[in-house]
2 protein chains.
Amino acid sequence: MPRIAKYDRDKALESAVNLFWERGYGGASMKQIEQALDMRPGSIYATFGSKDGLFREALDVYAGRMSRSLAEAMATAPSTMGGVFNYLRSLTGEITAPDSPARACMVVKTLLEVTEDQQELRALVNERLQAVEDHLTGLLEQAHQRGELKADVDCRRLARLIQAQIMGLRSLAQRDIAVEDIKILAEDIITALGAFTQDPVSH
Amino acid sequence: MPRIAKYDRDKALESAVNLFWERGYGGASMKQIEQALDMRPGSIYATFGSKDGLFREALDVYAGRMSRSLAEAMATAPSTMGGVFNYLRSLTGEITAPDSPARACMVVKTLLEVTEDQQELRALVNERLQAVEDHLTGLLEQAHQRGELKADVDCRRLARLIQAQIMGLRSLAQRDIAVEDIKILAEDIITALGAFTQDPVSH
DNA sequence: GTATAACTTGAGTGATCACTCAAAAACAGC
DNA sequence: GCTGTTTTTGAGTGATCACTCAAGTTATAC
C-alpha cells in the first residue's frame, strides 16, 4: 500500500486547488494535473474518479478555506459590519500574496467559465455562493437586532450587495493593477457600504 | 466572389461575439465556430487568420457595444453620476434579456480565463478595462468641477470603484438568481455609491 | 516466506483540438 | 462564353484531449 491515504490525498488536493484556481477547469490539462499532484493518471482516476470529481473536491477545499477566512475576520471585530470590513482588508492581503494562484475568486472564475452543458458543476457553484449569502444574511440579521444597521436595511439584500462587492474587488484585482490600488479600492468599498451602517465608518 | 466582404464579415463577427461571450475563448471549439458563423475552416482562417485573431476582433466589437451603451446612458442624464446610475439600471435590462449570451461581461470573463501563457490576450483585456477607467475618470473630473461630487472625492478612485461595481453586479447576476433581485442589487449599488455624490440619490 | 490484496505505473485508447491545402466553385473583365 | 482571379470547400494534418487497463510494485496477513 504505497499511498498513505489521508495525508497524501489532502496534499494532492491542495495542489489541485492551486492549479485549478490559477488555470480554471478547462484550462488545466490532465498532463498538468499529473505534474502538479505528482501522480500518474491511473492513481488520479482511482483516487478521484475523474477530472470532474477532482475539481469538485478541490472546489470544496477552496470554499472551506474561504469560509474559514471569513469566520476569522468576523471573530476579530466587535460588530458584524466591522467584521466584513476586516475581511475585505485581510482579503486584499491574501490575494496579493506573491504565491496566490490568482486574485479573482476560484468560485467566481468557475461561475463565469461553466457552460450550460455542465449543469451539475454550475449547480455546485450556485449552491456554494448561496450558502455564503445565507450565512452572511444570518449574521447581518443579528447585527440588525443589535441596532448596528440602519433600521430599514434588508439583510438579504445587504448580504448580496456584500457578495457583489467581494466579486467586484477580486475581479478588478485580477487586472494589471498595483497592490496599493487594490487596498485603496477596498477602503472605498468600505466607505460605500457605510451607507448601510448605523455608525459612521472609521478609517 | 461568393462573399460580399464587409457585410458578411460583420455578420460573422456578431455571431462570433455571441458564441465567445457565452462560452469563453477556450470553451468555444472551431467546430462550434464553424457552425455559428456558417463558414468552413478555410474561409474562417482566410478572413480572420486564426481563432485568436477572430476572438480579438470579437472582443473589440463587444467593447465597442459596451462603450456605446455607456455613452447612451450618460447622454440621457443631467449629471454624470446620474448617467452612471442610468447605465446600471439599463444594464440590468440588457443582461437579463432572454437572448443575452451571458449576464457577466465578456471582457471580465476573458480577464478571469486567460492564463500567463496568453500574455497578448491578457494585455488586450487590460487595455480595454484601462480605457474604460480612463474615460470614466475624465467624465467624473468634469462632474467634480461642476460640484456634483463631494469635494474630497478622488475621481480615478471613484472610476475604479464604479468599474468594480459593474463587475460585481454582472458576476453576481451570472448566479442562478431572479431578474427582480438583480434590479434590487443595482438599486443598492446606486445607494452605496451615493456616499460620493453631493446631492442625495433619488429613487 | 509465501500468498493475497491494494495500489501505482505508463503506454496506449478513440475522440477532439486548432489548423492546412489542393481542388472545386463563383465571380469579374472582355 | 471564355480566361484569370478570388474565394470556398471539406477531407485530412499532427498534436493533444480525458481516460483505461494489463502488468508491475509494495504493502499486509499468517
Side-chain angles (χ1 to χ4, degrees), chain A residues 1-59 110 113-122 124, chain B residues 1-13 15-17 19-59 110 113-122 124:
Chain A
M1 197 195 301
R3 177 156 291 277
I4 306 149
K6 187 76 170 61
Y7 173 73
D8 275 17
R9 197 177 199 282
D10 288 358
K11 226 175 77 177
L13 262 177
E14 290 292 323
S15 302
V17 169
N18 288 342
L19 182 67
F20 281 131
W21 185 5
E22 182 187 342
R23 303 192 56 89
Y25 177 74
S29 71
M30 278 307 298
K31 202 146 260 174
Q32 293 168 328
I33 293 170
E34 290 166 33
Q35 198 168 15
L37 309 206
D38 191 27
M39 289 169 76
R40 263 34 67 196
S43 295
I44 296 172
Y45 282 86
T47 310
F48 300 104
S50 63
K51 184 186 175 185
D52 204 82
L54 174 61
F55 183 82
R56 295 164 82 90
E57 288 205 46
L59 198 71
T110 308
E113 182 187 348
V114 291
T115 57
E116 58 188 4
D117 46 278
Q118 296 169 294
Q119 289 294 353
E120 291 184 12
L121 192 50
R122 166 172 288 203
L124 181 69
Chain B
M1 197 195 302
R3 178 157 291 276
I4 306 147
K6 186 76 170 61
Y7 173 72
D8 274 18
R9 196 177 198 281
D10 288 358
K11 227 175 77 176
L13 263 179
S15 302
V17 169
L19 182 66
F20 281 130
W21 184 5
E22 182 187 344
R23 304 191 57 89
Y25 176 75
S29 71
M30 278 307 299
K31 202 146 259 172
Q32 292 168 328
I33 293 170
E34 290 167 33
Q35 197 168 16
L37 309 205
D38 191 26
M39 290 170 75
R40 261 36 67 197
S43 295
I44 296 172
Y45 281 86
T47 310
F48 300 104
S50 63
K51 183 186 174 184
D52 204 81
L54 174 62
F55 184 82
R56 295 164 81 92
E57 288 205 46
L59 198 70
T110 308
E113 181 188 349
V114 291
T115 56
E116 58 188 4
D117 46 277
Q118 295 170 294
Q119 288 294 353
E120 290 184 12
L121 192 51
R122 165 172 291 203
L124 182 68

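Heavy-atom basis, side chains included; hydrogens, waters and symmetry copies ignored. Quick caveat: nothing in here was measured; it's all calculated off a predicted structure. Proteins come first, then strands; the chains are lettered A, B, ... in the order of their sequence lines, and each starts at number 1.
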Rounded to whole Å, the CE-P distance (B:M39 to D:dT7) equals 11 Å
In whole angstroms, the gap separating C1' of C:dC27 from CG of B:D8 amounts to 14 Å
In A:F20, A:F48, A:W21, the residue satisfying ring-ring contact (aromatic ring centres under 6.0 Å, His included) with A:F55 is A:F20
Among the nucleotides C:dT8, C:dC19, D:dA18, whichever has the atom closest to the side chain of B:S50 is C:dC19
Checking D:dT9, C:dT20, D:dA18 against the side chain of A:K51 (C-beta onward), the nearest is D:dA18
Assert: residue with more 5' nearest nucleotide on DNA chain C, out of B:Y25 and A:I44, is A:I44
Using side-chain heavy atoms (C-beta onward) and a distance below 4.5 Å, is B:L54 in contact with B:L13?
yes
Of the listed C:dT9, D:dT9, D:dC19, the closest approach to the B:R40 side chain comes from D:dT9
Considering only heavy side-chain atoms of B:S29, the closest of D:dC17, D:dC19, C:dC17 is C:dC17
Considering only heavy side-chain atoms of A:T47, the closest of D:dT20, C:dT20, C:dT8 is C:dT8
Audit row: A:R122, A:Q119, side chain to side chain contact (heavy atoms under 4.5 Å, CB included) steps and yes/no: CA-CA 5 Å; A:R122 166 172 288 203; A:Q119 289 294 353; 3.8 Å; yes
note: A:M30, atom CE; D:dT20, atom C1'; distance rounded to Å ~ 11 Å
Here the distance between atom P of D:dC19 and atom OH of A:Y45, to the nearest Å, is 3 Å
Among D:dT20, C:dG10, D:dC17, the one nearest any side-chain atom of A:K31 is D:dC17
Winner on side-chain proximity to A:S43, out of C:dG10, D:dA18, C:dT9, is C:dT9
*asked:* So A:E22 and B:E116, do their side chains get closer than 4.5 Å, heavy atoms only?
replied: yes
Practice prompt. Give a yes-or-no answer on whether the side chains of A:D117 and A:T115 include a donor-acceptor pair shorter than 3.5 Å.
Written response: yes
Rounded to whole Å, CG of A:L54 lies from C1' of D:dA18 at a distance of 13 Å
Looking only at D:dC19, C:dG10, C:dA18, the nucleotide nearest the A:E34 side chain is D:dC19
Atom CG of A:L37 and atom P of D:dA18 are separated, to the nearest Å, by 13 Å
Rounded to whole Å, the CG-C1' distance (B:D38 to D:dT7) equals 15 Å
Taken to the nearest whole Å, CZ/B:F48 to C1'/D:dT8 is 14 Å
